[in-house]
Amino acid sequence: MVMAMRILMVASEAIPFAKTGGLADVLGALPRALARLGHHVDVMMPRYRGVTHGEPVGRVSVTFGSRTRTADLFGVTHENVLMLFVDQPEFYDRDTLYGTSEGDYDDNAERFAFLAFAAVDWMASTRARYDVVHAHDWQAGLLPALLADPIRARALAHLPATAFTIHNLAYQGLFEADWLPRLGLSWDLMRADGMEFWGRISFLKAGIVYSDLVTTVSPRYAQEIQTTEFGFGFDGLLRERSADLVGILNGIDYDEWDPARDPALPEPFTASALGGKASAKRAVLEAFGLPATEERLHRPLVAMVSRLVDQKGFDLVAGAADELPGLEATFVLLGTGEAKHERLWRELAARFPDRVAVRIGFDERLAHLIEGGADIFLMPSRFEPCGLNQMYSLRYGTVPVVRAVGGLFDTVRNYDPVTGQGTGFTFEEYSPDALLGTLRWALAVFADAEAWRRLQLAGMRQDHSWGASARQYLAVYERAVRARATRTAD
Ligand code: ADP
Ligand code: GLC
């Protein structure tokens, strides 16, 4: 019997409280999965505008330079996980989490340094005895660096081991070095083996360098980020830490994403009774203002739900834009993000109103409905640390067409026309032609109802629940605790 662990996770978003992407889904589900295995998990995140949950449970005080700020911590127990919200309105009471369409907020260094300092102050003032502190992405990257500082460590009743998860290496938390003194941090961190990155500081690098163990969200991405192609300048550092870098595939939350009991669907459906998919398709078409004619109901529906950023392969879609409407399919997109991608899709929808429809915005319910009603889900990502939508698609009998990178490589098996096996369609070359060729192939297989049904069922039978991944995180935590114990004994 494994001893119950006490874990503090720190991150910038978690469902159902605040979400811009998959990070929030993971922070919603992983702590709960660990709690279900008998472990004790607290999650700390900012109390953004709109987060009204919880009661004051304590107060932290953080000094940057000459200014001390305090923040109340609001706590609420949600499905056996204690959520701790840091209430600092000057930093977090804003319309959006990270910035506006003009760019990131220019005080993000301070906003997220505050989160890390708040976590340390909370641990010190409550005399907490966490076995592990698990920080996620650059927004929490400073925390392992703070805990590696012996002076700060002395203020703690117990020094936890640290784990850091890279959800996306493209977001590096890069700031000018003169933030160091403004954040009350030592210039000593400005070293190649510290948090210096090409003359600036990187919160992501702090997380990688100072944590006992580093994880990322798929085994394939763990390999990819050690190459120059996917390493964004961090590949050398990641190769150095390769023995401490573990790829753990994200799970998906089977309570939230289950076609048999998803309130966003007009009718439930399962692998043995797929009928409800047709009414979901009708509802998607209607939600996009496309009359659900018989002809359109028969035509394959290809969907994307995505942040509109380069990572997701929108330039490939742009490169194929003139040809897409000629395919025997209807395309729908739900997304929000960079203006150039929004514009392209709006233009496409205006030019081909019968074939392309777009909803710019963030709409959780519509995202669920699309997973239920689409025939094909498209993810032609340039890189993809894990990706959750392709796993939602598999569960909802929606066949993914993906580029074979990162977590997409690990979760979607290419269709083999000889054996009839596979769960989707994959391509390797990052080119509009490869995308188009693969889509054409998928559409051809769609016309073969029996083959298509086999693909759908194979996908629906996959198990991507969180249990197995949560156990792998526990193994990482145990390793981190051992590593920390060895280091402290030295
Ligand atoms: P990433 O985290 O890189 O954005 P993931 O595939 O891991 O990619 O996770 C994206 C999550 O965000 C999924 O749960 C997806 O449904 C959701 N999502 C993305 N864009 C939207 C949107 N416009 N409306 C609703 N949900 C969205
Ligand atoms: C990031 C990645 C995505 C991953 C998610 C959750 O946002 O872009 O691939 O699924 O984090 O780990």
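When a ligand or atom number is given, it counts from 1 through the structure's own listing order.
When only modelled atom types and interatomic distance are considered, Thr20 and Glu13 share a side-chain donor-acceptor pair under 3.5 Å. A donor-acceptor contact under 3.5 angstrom links the side chains of Ser465 and Asp463, judged on distance only. If you check the side chains of Tyr98 and Ser12, you find a donor sitting under 3.5 Å from an acceptor. In the model, His341 has a side-chain atom that pairs as donor or acceptor with a side-chain atom of Asp310 under 3.5 Å.
One option in Gly407, Gly387, Ser381 has a heavy atom closer to atom 4 (C) of ligand 2 than any other, and that option is Gly387.
Heavy-atom contacts of Gln311 reach the following atoms of ligand 2: 8 (O) (cutoff under 4.0 Å). Atoms of ligand 2 lying under 4.0 Å from any heavy atom of Val26, numbered from 1 in the order shown and given with element: 6 (C), 12 (O). Counting the atoms of ligand 2 from 1 in the order shown, those under 4.0 Å from a heavy atom of Val217 are 12 (O).
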Enumerate the pairs of nitrogen or oxygen atoms, one from ligand 1 and one from the protein, separated by less than 3.5 angstrom; state names and distance to 0.1 Å.
{"from": "ligand 1", "atom 1": "2 (O)", "to": "Gly22", "atom 2": "N", "distance (Å)": "2.6"}
{"from": "ligand 1", "atom 1": "3 (O)", "to": "Arg307", "atom 2": "NH2", "distance (Å)": "2.8"}
{"from": "ligand 1", "atom 1": "3 (O)", "to": "Lys312", "atom 2": "NZ", "distance (Å)": "2.8"}
{"from": "ligand 1", "atom 1": "4 (O)", "to": "Arg307", "atom 2": "NE", "distance (Å)": "2.6"}
{"from": "ligand 1", "atom 1": "6 (O)", "to": "Leu388", "atom 2": "N", "distance (Å)": "2.9"}
{"from": "ligand 1", "atom 1": "7 (O)", "to": "Leu388", "atom 2": "N", "distance (Å)": "3.4"}
{"from": "ligand 1", "atom 1": "8 (O)", "to": "Lys312", "atom 2": "NZ", "distance (Å)": "3.1"}
{"from": "ligand 1", "atom 1": "9 (O)", "to": "Gly22", "atom 2": "N", "distance (Å)": "3.2"}
{"from": "ligand 1", "atom 1": "14 (O)", "to": "Lys19", "atom 2": "NZ", "distance (Å)": "2.8"}
{"from": "ligand 1", "atom 1": "14 (O)", "to": "Asp25", "atom 2": "OD2", "distance (Å)": "3.3"}
{"from": "ligand 1", "atom 1": "16 (O)", "to": "Asn389", "atom 2": "OD1", "distance (Å)": "3.3"}
{"from": "ligand 1", "atom 1": "23 (N)", "to": "Gly361", "atom 2": "O", "distance (Å)": "2.8"}
{"from": "ligand 1", "atom 1": "24 (N)", "to": "Asp363", "atom 2": "N", "distance (Å)": "3.0"}

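With sequence neighbours excluded, no residue satisfies side-chain hydrogen bond (donor to acceptor under 3.5 Å, both in side chains) with Asp137.
Residue-to-ligand polar distances place Asn168 within reach of ligand 2: an N/O pair is separated by less than 3.5 Å.
Using a 4.0 Å cut-off between heavy atoms, Asp25 makes no contact with ligand 2 at all.
Asp244 has its side chain out of reach of Val214: every pair of non-hydrogen atoms, C-beta onward, lies at least 4.5 Å apart.
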